[in-house]
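Single-structure report; data block below.
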Amino acid sequence: MSTPQLVVHHDKELMAQAAAARLITKIVDAQASRGSASVVLTGGRNGNGLLAALAAAPARDAVDWGRLDLWWGDERFLAEGDPDRNVTQAREALLDAVPLDPKRVHAMPASDGLFGSDVEAAAAAYAEELARAAGPENHGAVPTFDVLMLGVGPDTHVASLFPELPAVRETQRTVVGVHGAPKPPPTRVTLTLPAIRAAREVWLLAAGEDKAQAAAIALSGAGEIQAPAAGARGRSRTLWLLDSAAASQLPRSLYPPASP
């Protein structure tokens with residue numbers, strides 16, 4: 001796994017704009033070299049802020065949206081169209097405004113879908129969908145995502161991997177159901193650390209003073225069971241994208257400039 005690099009921006013708006021520009025470049029480069037690109041989206045204020053910035057970026061037209069696979073790192077197990085679902089928010093922020101191939105938009109199951117209220121069956125189905133998309137060149141039962149993005153919670157959770165809960169301890173399955181999450185809603189579907197670590201690049205997004213302690217803990221050598229963000233690493237690159245408030249408890253020695 002890669003060693004984390006840090007990029008610190010002045011405020012959350014600049015962070016979102018810079019991250020959107022960085023993502024456009026990664027997608028275009030992947031499409032040029034491999035014909036398509038694969039990205040894992042994250043919800044929350046920082047993930048949605050990045051998508052909104054991407055929607056507003058003139059360079060978005062450089063992306064061949066029909067050759068982009070979109071996946072999700074986690075989802076709130078709610079009814080289709082619920083405003084709290086990550087996919088609903090992503091559609092509002094960006095997806096409805098660009099010409100995606102619907103077959104390549106891989107939303108996680110809803111609680112009123114084929115599996116009803118059975119979150120474990122929903123998680124297993126998403127794991128099977130990932131496995132079908134994985135090719136012989138991939139590492140294990142998920143595609144090698146070009147970029148996998150994660151928001152970082154104040155408690156250091158990423159996706160729906162919360163400190164000390166069973167999901168963060170999972171070492172075999174790629175997707176699991178979550179029960180009793182400490183923030184609502186309590187029932188969720190999430191990628192596990194083995195699936196996250198299949199990505200070429202993992203980007204962790206954190207903005208605001210309420211994320212400062214989490215960033216400091218995750219980057220100070222904490223274990224992944226106690227601080228799940230510490231275990232989110234990419235195969236070739238792990239990039240923390242922060243604003244100055246989120247970086248306020250980090251020693252400057254931790255964040256020399258990362259390469260573009």
Trp203 CH2 to Met149 CE distance, which is reported to the nearest 0.5 Å:
7.0 Å

Under a 4.5 Å side-chain heavy-atom rule over Ile, Leu, Val, Met, Phe, Trp and Tyr, are Ile217 and Trp240 clustered together?
no

Whether over 12 other heavy atoms sit under 6.0 Å from His179 NE2:
yes

Distance in Å, Arg104 CZ paired with His106 NE2, rounded so as to fall on 0.5 Å steps:
7.0 Å

Okay, side chain of Arg45, backbone of Ala207: is any donor-acceptor separation there less than 3.5 Å?
yes

Single-linkage hydrophobic cluster Val168~Leu165, side-chain heavy atoms < 4.5 angstrom:
no

Do any N or O atoms from the side chain of Thr25 and from the backbone of Ala21 form a donor-acceptor pair under 3.5 angstrom?
yes

Minimum heavy-atom distance between Val152 and Ala229, given as atom pair plus value
CG1-CB, 4.2 Å

Is the side chain of Thr190 donor-acceptor paired with the backbone N or O of Asp74 at a distance under 3.5 Å, no angle test?
no

Quick one: closest heavy-atom pair of Ala134 and Pro143, and the distance?
CB-N, 3.8 Å

Checking the side chain of Arg60 only, and the main-chain atoms of Ala20 only, is there a donor and an acceptor separated by less than 3.5 Å?
no

Could you tell me if the side chain of Thr156 sits less than 4.5 Å from the side chain of Pro163, heavy atoms only?
yes

Of all heavy-atom pairs linking Ala216 and Leu250, the shortest is CA-CD2, 3.5 Å

Just to verify, which of Leu161, Ile225, Leu193 counts as forming a side-chain contact (heavy atoms from CB on, under 4.5 Å) with Arg169?
Ile225

Before accepting this row, confirm whether a basic side-chain N of the pair Arg22/Glu201 lies closer than 4.0 Å to the acidic partner's carboxylate O.
no

When clusters are formed by joining ILVMFWY residues with side-chain heavy atoms under 4.5 Å apart, either directly or through shared neighbours, do Ile196 and Leu41 land in the same one?
yes

Pairwise distance CD(Glu13) to NE2(His10) - rounded to 0.5 angstrom:
9.0 Å

Between atom CD of Glu209 and atom CD of Gln249, what is the distance when rounded to the nearest 0.5 Å?
9.0 Å

Contact between Lys211 and Pro154 at the side-chain level, heavy atoms closer than 4.5 Å - yes or no?
yes

Please step through side chain to side chain contact (heavy atoms under 4.5 Å, CB included) for the pair Asp11 and Leu14, ending with a clear verdict.
CA-CA 6 Å; Asp11 56 39; Leu14 285 175; 3.4 Å; yes

Inter-residue atom distance Leu51.CG - Arg91.CZ, 0.5 Å rounding:
12.0 Å

Under 4.5 Å between any side-chain heavy atoms of Leu130 and Leu191, yes or no?
yes

Give a yes or no answer on whether the side chain of Ser38 reaches the backbone of Phe145 with a donor-acceptor pair at less than 3.5 Å.
no

Would you say that Thr42 contacts Asn86 through its side chain, given a criterion of any heavy-atom pair below 4.5 Å between the two side chains?
no

Could you pull out the closest heavy-atom pair between Ala246 and Ala215, with the gap in Å?
O-CB, 3.8 Å

Do Leu23 and Val158 land in one hydrophobic cluster if side-chain heavy atoms of ILVMFWY residues count as linked below 4.5 Å?
yes

Distance-only, no hydrogens or angles: does the Ser111 side chain make a donor-acceptor pair with backbone N or O of Ser117 under 3.5 Å?
no

Pick one: which of Lys26, Gln31, Arg200 meets side-chain contact (heavy atoms from CB on, under 4.5 Å) with Asp146?
Arg200

Carboxylate-amine/guanidinium proximity below 4.0 Å for Arg67 and Asp64:
yes

Distance col, row Leu95:CG vs Leu68:CG, nearest 0.5 angstrom, shows 9.0 Å

Kindly indicate whether the side chain of Leu6, heavy atoms from C-beta on, has any atom under 4.5 Å from the side chain of Leu219.
yes

Specify whether Tyr126 and Trp71 have parallel, tilted or perpendicular ring planes, treating 30° as the upper limit for parallel and 60° as the lower limit for perpendicular.
perpendicular

Is Val39 close to Asp69 at the side-chain level, that is, under 4.5 Å between some pair of heavy atoms?
no

When you measure from the side chain of Asp243 to the backbone of Gly208, do you find a donor-acceptor pair of N or O atoms at a distance under 3.5 Å?
yes

Check the hydrophobic clustering (I, L, V, M, F, W, Y; side-chain heavy atoms under 4.5 Å; chains of links allowed) and say if Val178 and Val87 are grouped together.
no

What heavy-atom pair brings Ala206 and Asn46 nearest, and what distance separates the two atoms?
CA-ND2, 3.7 Å

Would you indicate whether Gln226, at its atom CD, is surrounded by more than 12 heavy atoms from other residues, nucleotides or ligands within a distance under 6.0 Å?
yes

Looking at Ser2 and Arg235, would you say the former's side chain and the latter's main chain have a donor-acceptor pair under 3.5 Å?
no

Val105 and Trp72: CA distance, side-chain angles, deciding distance, side chain to side chain contact (heavy atoms under 4.5 Å, CB included) verdict
CA-CA 9 Å; Val105 179; Trp72 271 262; 3.8 Å; yes

Pairs of donor and acceptor atoms involving the side chains of residues 180-189, under 3.5 Å and at least two apart or interchain, shall be tabulated with distances.
| from | atom 1 | to | atom 2 | distance (Å) |
| --- | --- | --- | --- | --- |
| Arg188 | NE | Pro185 | O | 2.9 |
| Arg188 | NH1 | Ser160 | OG | 3.2 |
| Arg188 | NH2 | Lys183 | O | 3.4 |
| Arg188 | NH2 | Pro184 | O | 3.0 |

Considering non-hydrogen atoms only, spot the tightest contact between Ala93 and Ala55 and give its length.
O-CB, 3.4 Å

